[in-house]
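Written out below as structure tokens is the structure these notes cover.
Remember, it's a predicted structure, so these values are computed and weren't measured experimentally. Atoms considered below: every heavy atom in the structure, side chains included; atoms not considered: hydrogens, waters and symmetry mates.
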Amino acid sequence: MGKLVVLTLLGAGLALIGERLVAFRQRINAYREVEPVEPQNCHLIEGLENGAEDIDILPSGLAFISTGLKYPGMPDFAPDEPGQIFLMDLNEQNPRAQSLNISDGFDRASFNPHGISTFIDKDQIVYLYVVNHPHMESTVEIFKFEEQQRSLVHLKTIKHELLKSVNDIVVLGAEQFYATRDHYFTNFFLAQLEMFLDLHWTSVVFYSPREVKVVAEGFSSANGITVSPDKKYIYVADVLAKNIHVMEKHDNWDLTQLKVIQLSTLVDNLTVDPDTGDILAGCHPNANKLLLYNPEDPPGSELSEEQLMGQLPLMGPSRDITGRDLAGKRKHTQTRVLRYRFENLRTFPGQVFDCFGNTLENIAVTASKVPQPLEKECQVQPPNQPSVPARN
């Protein structure tokens, strides 16, 4: 009788593990393949070979890019080099990435930047907030941007017990921001178990000098976060659940969920078109290729846009345009655009897109001078240049 009980429990345990494994592989789109397509009106930005994780663009057209993220479980292409912040001027006809110097007194050797967000005060001073993972911990670093010197002056490091496993932030005021936690546990093994069991224990935290609190929870893995142009709504990407949460922001900084936009791809970093309010999302079509990185078959990327009608987004049919990988060959990369209106793309001359989320295999590409018409965007001809490798 005892042996029967043991065998029954063993069988039940193995069945549970098998079911969880199949469910996990389905969540990360492990069986999905994408077809390579040739980019049009895009070109490789040199100097970001260690991976561009996040990007934030000022109204002036200057873009900050965080690079070199070292993230547990992901490939590290420069293990002995610290992360950096790059600057691009999108007003230039051929934008280039320039590494920003950081002031003395900041520990640059352990700099491991993740999500970033900017804030401009009433005196038009630009502040850059950076999620940092020194020694695999989580802090938020505040820098002042010196435009003439093309440098960053470190002002402050923010730590808090609720700011653990921070992925991305969106700043709404001086030292006032929302931050996403992509894991509940900080221990690597427990964090992997958390994803495997799909516990939905991650959250969004609001931080200010006076108050720090959890304002939204129940996410599988809260990732990218951004705000609507009118500052009334917060958008949160849940990468493992493959959806975007539309949250209403209240006067006390609490968030109330209004809608969940379900996608078929793993959503990473988010940004908003300042003219239309549409959501642009960098996505992973197959996250299994991130976890089991193979340079001969690198992970692809997708760019999704959610068109907003009034207050809430509406889903529409999808279209494919272009994308590239970073492995030196044209591989399995694809850009999917949901309800994309190509005439809107023309409002982004020189716009930099973060195509790979936090894969450490990111590249910024520019879209400019989009010709009319674009009825055959999927059958574009290769550009007259050698094949070059081309991210949130």
Side-chain angles (χ1 to χ4, degrees), residues 52-60 62-71 82-88 98-182 203-215 222-227 231 234 249 253 269-271 354 358 392:
E53 207 296 318
D54 200 5
I55 183 170
D56 202 29
I57 303 172
L58 297 176
S60 65
L62 295 178
F64 296 96
I65 304 171
S66 63
T67 73
L69 173 66
K70 297 168 178 59
Y71 192 86
Q84 299 181 74
I85 301 296
F86 281 81
L87 184 73
M88 289 181 60
Q98 174 187 358
S99 178
L100 292 179
N101 293 322
I102 300 179
S103 61
D104 295 336
F106 178 73
D107 185 5
R108 284 170 283 187
S110 65
F111 192 37
N112 190 14
H114 203 159
I116 61 176
S117 182
T118 55
F119 171 69
I120 304 175
D121 70 9
K122 62 182 180 179
D123 298 320
Q124 299 303 303
I125 297 175
V126 176
Y127 298 91
L128 180 67
Y129 288 62
V130 181
V131 176
N132 187 23
H133 300 295
H135 313 293
M136 296 305 167
E137 298 180 349
S138 287
T139 64
V140 175
E141 311 293 346
I142 304 178
F143 298 93
K144 182 174 73 170
F145 174 52
E146 299 286 355
E147 184 171 353
Q148 297 299 322
Q149 292 78 18
R150 288 294 199 262
S151 64
L152 296 172
V153 177
H154 184 250
L155 302 178
K156 186 174 183 178
T157 297
I158 295 176
K159 296 182 179 180
H160 193 274
E161 60 182 6
L162 290 181
L163 295 175
K164 305 293 185 181
S165 299
V166 180
N167 185 296
D168 197 12
I169 59 174
V170 58
V171 181
L172 299 183
E175 295 189 40
Q176 295 177 320
F177 58 82
Y178 291 104
T180 56
R181 292 184 56 175
D182 56 18
S203 58
V204 176
V205 175
F206 169 72
Y207 177 91
S208 74
R210 295 182 178 182
E211 183 181 28
V212 185
K213 61 182 179 179
V214 174
V215 291
N223 199 294
I225 186 169
T226 191
V227 62
K231 312 300 182 185
I234 299 295
K249 181 176 71 69
W253 301 98
N269 287 334
L270 304 176
T271 191
D354 177 7
N358 61 9
N392 46 38

- prompt: Has the side chain of His135 got a donor or acceptor atom that lies under 3.5 Å from a matching backbone atom of Glu137?
  reply: no

message: Assess the residue pair His114 and Asp182 against the criterion (side-chain contact (heavy atoms from CB on, under 4.5 Å)); give the C-alpha distance rounded to whole Å, side-chain angles, the decisive distance to 0.1 Å, and a yes or no.
response: CA-CA 12 Å; His114 203 159; Asp182 56 18; 4.3 Å; yes

query: Are Ser60 and Val126 side-chain neighbours, meaning at least one heavy-atom pair lies under 4.5 Å?
result: no

query: Should Tyr178 and Val215 be marked as a side-chain contact (heavy atoms from CB on, under 4.5 Å) after you check the CA-CA gap, both sets of side-chain angles, and the distance that decides it?
result: CA-CA 9 Å; Tyr178 291 104; Val215 291; 3.8 Å; yes

message: Within this structure, what is the OG-CD1 distance for the pair Ser151 and Ile85, rounded to the nearest 0.5 Å?
response: 13.0 Å

- request: Go through the steps to decide whether Val205 and His160 satisfy the test side-chain contact (heavy atoms from CB on, under 4.5 Å), and finish with yes or no.
  value: CA-CA 11 Å; Val205 175; His160 193 274; over 6 Å; no

query: Between Glu161 and Lys164, which heavy-atom pair has the shortest distance, and what is it?
result: O-CG, 3.1 Å

message: Can you tell me how far apart CZ (Phe106) and CG (Leu152) are? Round to the nearest 0.5 Å.
response: 9.5 Å

- prompt: Can you find a heavy atom in the side chain of Leu172 that is under 4.5 Å from one in the side chain of Ile234?
  reply: yes

message: Measuring from atom CG of Asn112 to atom CE of Met136, what distance do you get when rounded to the nearest 0.5 angstrom?
response: 5.5 Å

message: Would you call the rings of Phe206 and Trp253 parallel, tilted or perpendicular, taking 30° and 60° as the class edges?
response: parallel

query: For the side chain of Ser117 and the backbone of Val171, is there at least one donor-acceptor N/O pair under 3.5 Å apart?
result: yes

field: Backbone of Asp54 reached by a side-chain donor or acceptor of Ser66 within 3.5 Å
entry: yes

message: Taking salt bridge (charged side-chain N to carboxylate O under 4.0 Å, His left out) as the definition, give me every residue that meets it alongside Arg150, ordered by chain and number, with sequence neighbours left out.
response: none

- line: CZ (Phe64) and CD1 (Ile55) are apart, to the nearest 0.5 Å, by 11.0 Å

- prompt: Counting distance only, does the side-chain N/O of Ser165 pair as donor-acceptor with the main-chain N or O of Arg181 below 3.5 Å?
  reply: no

message: Check whether Asp123 reaches the backbone of Ile125 with its side chain - one donor and one acceptor, N or O, closer than 3.5 Å.
response: no

- request: State, to 0.1 Å, how close Ile225 and Asp168 come at their nearest heavy-atom pair, and which atoms those are.
  value: N-OD2, 3.1 Å

- line: Smallest heavy-atom separation, Ile120 atom then Pro59 atom, equals CD1-CD, 3.9 Å

task: Taking all heavy atoms of Ala63 and all of Ile57, pick out the closest pair and write down the distance.
output: CB-CG1, 3.9 Å

query: Which value, rounded to the nearest 0.5 Å, describes the distance between Leu100 atom CG and Phe145 atom CZ?
result: 6.0 Å

statement: Output for pair (Asn167 CG, Thr180 OG1), nearest 0.5 Å, gives 4.5 Å

query: Is the closest side-chain donor-acceptor distance between Glu141 and Thr139 under 3.5 Å?
result: yes

message: If we ignore hydrogens and angles and just use 3.5 Å, is the side chain of His154 paired with the main-chain N or O of Lys156 as donor and acceptor?
response: yes

message: Contact between Ile102 and Phe111 at the side-chain level, heavy atoms closer than 4.5 Å - yes or no?
response: yes

task: Flag the pair Phe177 / Phe119 as yes when their ring centroid distance falls below 6.0 Å, and as no otherwise.
output: no

Side-chain (Tyr129) to main-chain (Glu175) donor-acceptor, under 3.5 angstrom: yes

statement: Closest non-hydrogen contact found for Ser138 with Val166 is OG-N, 3.2 Å

Heavy-atom closest contact (Ala222 atom, Ser203 atom, distance): CB-O, 3.8 Å

